[in-house]
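Side-chain atoms are counted along with the backbone in the values below, which use heavy atoms only and exclude waters and symmetry mates.
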Amino acid sequence: MEQRLMSRAEDKGRRRDPEGRTERSSGVVGLLIKIVALGTIIGLAVMLTPALVGTDRWGFLAVVWGVVAVLGVTYATRRFVPAKYLVPGTLLLVLFVVYPILMTFQLSTTNYGDGTRTSKEVTVSRIIGAAAQQAEGARTFELAVGSEGTATSGPYTFLLLDAATDEVFAGTPDGLTELDPDTVTVEDGAITAAEGFTLLDRRQINEFSQRGGELEGFAVPTDNGVITAQGFSAVELYSPLEYDAAADTITNVETGVDYTPVQSGDRKLFTSAEGERLSTQSWEENVGLDNYVRAFTDPRISSDFVGIFIWTLVFAVLSVGTTFALGLFLASVLNDARVRGQRAYRSILLLPYAIPGFIALLVWSSFFNSEFGLINNVLNLDINWLGNPFWAKVAVLLANLWLGFPYMFLVCTGALQAIPSDYKEAASLDGATGWTNFSKITFPLLLVAVAPLLVSSFAFNFNNFNAIFLLTEGGPFSPDNPTAGGTDILISYTYRLAVGGAGQQIGFASAISVVLFIITGVLAALQFRATRALEEVG
């Protein structure tokens, strides 16, 4: 009897207590959120699948559905509880860190850049199309351009409506294919829709056909020649050039001259036996480790590498050292409780941190102007800040000090406030002076907290492209060496060689990026190893 009364009381208490309903409702909400999130991810994967299949990107397709499978197995079941916390961070790490590194390395093994952005098939088609001329009675077409993915992703296809027969064709650099009329919508003599394609509007066609665009030089080979665009229509042209895929040669049928691929620098160009180049157009291909070999053997790079490397180290060390010293000094002063107006002072000192570095460096560049710059005028100096290599280095360090000390001030302020005051009070009772207290207790304890941040700051300044390029552009330059400037660090120097010239060499620039990544990683590892001694202090 007593047990029955107790059970009834418990049931009555549960009915009055809303916690059970709250837990169940929160569980339902969580389940709905999980269903919506997984449904969104699966929907995105389904949406991307046709575009990836159409562009033959099977690796990306496998990765996309692999991620979907991992997320589904992890969050759709009650198992793998630790994975529910590890999977998101791991995926983000792979997506934003590992994947860019791998893609940069992959790109560094190619000759990708200006003049080598297309495949060999597209390049051959463009060379043949560039030599084409209109023959009497040539076919004309109404032109539409379709993409198998989105309008900006490609690959692109010419959708052609024969003006005489109303036949519809799809043209690519591989050739011409007749389309089923039922899959194409024609209105007022123009193609307005096509199954499996996203049509570009006229603005996009015009934009992509300009110099450097995806449709520049686009040509469709036919039995009679090639089809090329003329405005928003297309015409079949006769070309005296023919490509033999088996022999890998382009032959001029009118002159009988054969052109074969011949290596020229980092690319291959179709060249005759007499050395006449058919075109300056080339194609993207794998070059293995040639870019890395060039980075260490090219006289233009190796001749100045040692000096620029030393200055890069000096610049990184002094940038970190000066900003840390000034930031620590200001943080120590304002950490004293006797100082009034601490908040106001700290707000003022953080102003350089609030100004975008891009703008600040351009302003500092005008300050250092030798003729009308603020520094020379106010201080009544006559220093050629940006024209003399020594003073240009000083100018870079001063500007970087102004930009960097607020960050160190914030870091040191937080570290100082985290140090227990009991340590300093105990040392004071033992007779320690202010300097002894700081050097023997405060500073070692502060280093335990900020040492990893100093290492990361060194890595950042080792590749601080903005500070050099926006302030001095790597200069000043001497007449006998216009490629290596007085303030160039490794990243700005190689940028000028690989990207800043007349043609961009993206593959070579990627190889340089990988080399700099390895150098920075090795230096950072050595610094982290050296900071292990601070663990004993902690």
Side-chain angles (χ1 to χ4, degrees), residues 315-369 372-381 385 394-429 432-461 464 466-467 470-471 534 537-538:
F315 169 72
V317 170
L318 290 182
S319 293
V320 175
T322 54
T323 55
F324 176 66
L326 181 58
L328 176 59
F329 171 74
L330 295 174
S332 300
V333 171
L334 294 180
N335 196 49
D336 194 325
R338 294 171 295 179
V339 177
R340 296 182 179 180
Q342 290 181 341
R343 293 183 179 178
Y345 287 127
R346 285 170 178 166
S347 299
I348 294 173
L349 291 175
L350 291 179
L351 284 178
Y353 201 46
I355 300 175
F358 185 91
I359 297 175
L361 287 167
L362 294 177
V363 172
W364 273 97
S365 179
S366 65
F367 284 172
F368 285 118
N369 188 282
F372 52 83
L374 179 67
I375 295 178
N376 277 359
N377 290 339
V378 172
L379 301 179
N380 197 24
L381 299 175
W385 289 101
V394 174
V396 169
L397 291 172
L398 288 176
N400 212 32
L401 172 62
W402 187 83
L403 287 171
F405 85 85
Y407 169 74
M408 292 299 182
F409 170 72
L410 280 175
V411 170
C412 293
T413 298
L416 288 173
Q417 293 178 352
I419 297 176
S421 59
D422 297 346
Y423 293 166
K424 293 183 286 186
E425 293 175 0
S428 299
L429 292 176
T433 62
W435 170 251
T436 302
N437 203 327
F438 175 81
S439 60
K440 299 297 183 180
I441 296 177
T442 302
F443 187 69
L445 291 175
L446 179 136
L447 280 182
V448 175
V450 303
L453 298 177
L454 295 179
V455 174
S456 64
S457 181
F458 173 86
F460 170 79
N461 282 286
N464 194 347
N466 286 346
L470 295 176
L471 191 63
L534 298 174
V537 177

*Do Val363 and Ile359 touch side chain to side chain, with heavy atoms closer than 4.5 Å?*
yes
Separation between OG1 (Thr413) and CD (Gln342), nearest 0.5 Å, reads 9.5 Å
Check your understanding: Is there a side-chain contact between Cys412 and Phe324 (heavy atoms, below 4.5 Å)?
Key -> yes
Leu361 vs Ser365 side-chain heavy atoms within contact, under 4.5 Å: no
Test side chain to side chain contact (heavy atoms under 4.5 Å, CB included) on Phe458 and Leu454 and set out the steps. CA-CA 6 Å; Phe458 173 86; Leu454 295 179; over 6 Å; no
Student check: side-chain heavy atoms of Leu416 and Thr442 closer than 4.5 Å
yes
When every non-hydrogen atom of Ser456 is compared with those of Leu453, the smallest separation belongs to OG-O, 2.8 Å
Under the side chain to side chain contact (heavy atoms under 4.5 Å, CB included) criterion, do Thr322 and Leu326 qualify, and how do the steps go?
CA-CA 6 Å; Thr322 54; Leu326 181 58; over 6 Å; no
* With distance as the sole test, does Asn335 use its side chain to make a donor-acceptor pair with the main-chain N or O of Ala331 at under 3.5 Å? -> no
Could you go through residues 402-410 and list every donor-acceptor pair under 3.5 Å that involves a side-chain atom there, pairing it with any protein atom two or more places apart or in another chain?
none

Evaluate side chain to side chain contact (heavy atoms under 4.5 Å, CB included) for Phe358 paired with Asn466, printing each intermediate quantity in order.
CA-CA 7 Å; Phe358 185 91; Asn466 286 346; 5.7 Å; no
Given the options Phe368, Trp364, Phe367, Trp385 meets ring pair (Phe, Tyr, Trp, His ring centres under 6.0 Å) only with Phe368
Are Leu349 and Leu334 packed together at the side-chain level, in the sense that at least one heavy-atom pair is separated by less than 4.5 angstrom?
yes
- request: Please tell me if the side chains of Val320 and Phe460 come closer than 4.5 Å, counting only heavy atoms from C-beta onward.
  value: no
In short, Leu471 meets Ala399 closest at the heavy-atom pair CD2-CB, 3.8 Å
Worksheet item: If we only count heavy atoms from C-beta on, is the Leu397 to Ser319 side-chain gap below 4.5 Å?
Response: yes
Value for CG (Leu330) from OH (Tyr345), rounded to nearest 0.5 Å, stands at 12.0 Å
Shortest non-hydrogen pair, Asn464 vs Ala467, comes out as OD1-N, 3.3 Å
request  = Assess whether side chain to side chain contact (heavy atoms under 4.5 Å, CB included) is satisfied between Asn376 and Asn369, documenting all intermediate values.
outcome  = CA-CA 8 Å; Asn376 277 359; Asn369 188 282; over 6 Å; no
